[in-house]
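In what follows, chains are A, B, ... by sequence order, proteins preceding strands, each numbered from 1. Scope of the values below: all heavy atoms of this structure, side chains included, with no hydrogens, waters or symmetry mates.
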2 protein chains.
Amino acid sequence: MSQTVDRALSILPLLAEGPADLGQVADRLGVHKSTALRLLRTLHEHGMVYRQSDQRYRLGARLIALAQEAMENLDIRGIAHPHLVRLNEQCGHTVHLAVYEEAEVLYIDKVESRYPVRMYSRIGKPVAITVAAVAKLLLADLPEAERRALADKLDYPLYTARSTPNAPAFLRELDKVREQGWATDLGGHEESINCVAAPIRGADGKVVAAMSVSAPNVVVTADELLTLLPLVRRTADAISGEYSGRTPVKEANTS
Amino acid sequence: MSQTVDRALSILPLLAEGPADLGQVADRLGVHKSTALRLLRTLHEHGMVYRQSDQRYRLGARLIALAQEAMENLDIRGIAHPHLVRLNEQCGHTVHLAVYEEAEVLYIDKVESRYPVRMYSRIGKPVAITVAAVAKLLLADLPEAERRALADKLDYPLYTARSTPNAPAFLRELDKVREQGWATDLGGHEESINCVAAPIRGADGKVVAAMSVSAPNVVVTADELLTLLPLVRRTADAISGEYSGRTPVKEANTS
DNA sequence: ATGGACGTTGCAGATACTGCAACAGACCTC
DNA sequence: GAGGTCTGTTGCAGTATCTGCAACGTCCAT
């Protein structure tokens, strides 16, 4: 809607791929070098890009700090965190918290496994949306129309033989997940890693976040992991209760 | 330098404080509502802001994902990570990696303590620049003029009785740190937490990052923590060597 | 019902952005 | 060391693009 801002913002994902110099930025934006320079300067003043010693630009520290604040301000995260830690203490595995937003699912919190074998994931990283257990829960709760539109738009990369292959299969899976109220990912993303996940709901019953427990085969089998399901669901329900204000937390003052 | 982009970017830190509606954004920017609307729309299209169900805006998921990529692309981080993990396995405490950039020091990696008592810090979070051991190392390496200018500009919050109180004290501390080649924070940020830190240098000898080991008093005393200094320095030197290309890592192919 | 608050749209005017072309500096080649 | 190329930078004139206004729609509360 605003050309200048639009161009400036387009620079950011471009730099996310790796550092680039002025000419490269100008080319990929399709504008004159001087224009690109002025945009980069403005971004620089705001700390969104950084000019490294070889003169090339890359994403800046302020961007990272902003994203940090953005996550801290998601109140669901603050509420959930202690519960996630407790769950981790009880089962020892990696615990994730994720939210859905405009066609993306992001991990917004994580408590690491106590076992030496850890899985690769990072807070802030977009989730493999077609296979992750948390993604299934979050998408399953979307309105029908939106869900179908999204499913059509997605790519279905075959991470493993068990990955969701296409839109119809995905929609069937979502229906199943919605009905049963929990989800799994059994080796759909990485061959040897399984997850069980449960939804966190707001006061209106809508799914606002999802949490999961993940563990590699070498630590526990899929069946063993599934025995944790009641615990995961109880934790998710506890978070839901607190989030929707039903549980007055500790120092309730409604005497 | 570019008014429109400047205004648009000014919205982001504003939203970082918390969700805001159109009127609030327009007021704080000092522009007409319709102008603010168009800026927000453009930001929205790029996923930098999100419109929650109550119509208010907050920072969006794309911002978080971008910041994520920004960090992954910092090559120092990828090189350092395995070393940090190994150090954590050896000593059991929380290990941090931080970089300096334009008046800010950011944690860019962290390996959590094995002990149940953990300290509060987050990847991407700006560091308490006047007291953190890693910050001292990074600032101590700046050119004299820049260092003095920065020291004058900073605030010196008294987190504890041991916090650095003012610019002259800070500059003296930086001189000491530069000379000895390592730094500590003994209860300067949180009363009961101590850190020891060592610098990571590039091929030209300049400090490109700093790493630290932190532990609360209840786990180890400050003196005990200091016995880890040689180990921390050795780890930092190993990372420096790999980063500056002196150590051909594993599969060297200069046959 | 009626008033107010908030978000949204079309429009005319002018500000602020664009691309050009020329300059400056670094680096390399010959 | 001179000449070439490549990259980043600046001033300028033209106009595309952004701005603020005012009017409208919608929702909520009185």
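Checking A:Ser2 against A:Arg51, the closest nucleotide of DNA chain D that is more toward the 5' end is the one next to A:Arg51. For the pair B:Lys33 and A:Gln55, nearest-nucleotide mapping onto DNA chain D gives the more 5' position to A:Gln55.
Distances from the side chain of A:Arg38 to the nucleotides C:dT8, D:dG11, C:dG10 place D:dG11 closest. For A:His32, the listed nucleotide lying nearest its side chain is C:dC20; candidates were C:dC20, D:dT19, C:dT18. Closest to the side chain of A:Tyr57, out of C:dG7, D:dT19, D:dT9, is D:dT9. Distance from the side chain of A:Gln3 is smallest for D:dT17 among the nucleotides D:dT17, D:dT10, D:dG20. When distances run from any side-chain atom of A:Arg7 to the nucleotides D:dG8, C:dT18, D:dT10, the shortest one goes to C:dT18.
A:Arg56 comes within 4.0 angstrom of nothing in the nucleic acid, heavy atoms only. Residue-level contact check: B:Thr4 touches the backbone only, with heavy atoms under 4.0 Å from sugar-phosphate atoms and none from bases.
Note on A:Arg178 versus A:Asp175: salt bridge recorded, some NZ/NE/NH1/NH2 to OD/OE distance being below 4.0 Å.
Of the N and O atoms on the side chains of A:Tyr57 and A:Arg51, at least one donor lies less than 3.5 Å from an acceptor on the other residue.
Aromatic ring pairs are classed by plane angle as parallel below 30°, tilted from 30° to 60° and perpendicular above 60°; the pair A:Tyr156 and A:Phe170 is perpendicular.
Distance CD1/A:Ile76 to NE2/A:His81: 13.5 Å, rounded to 0.5 Å.
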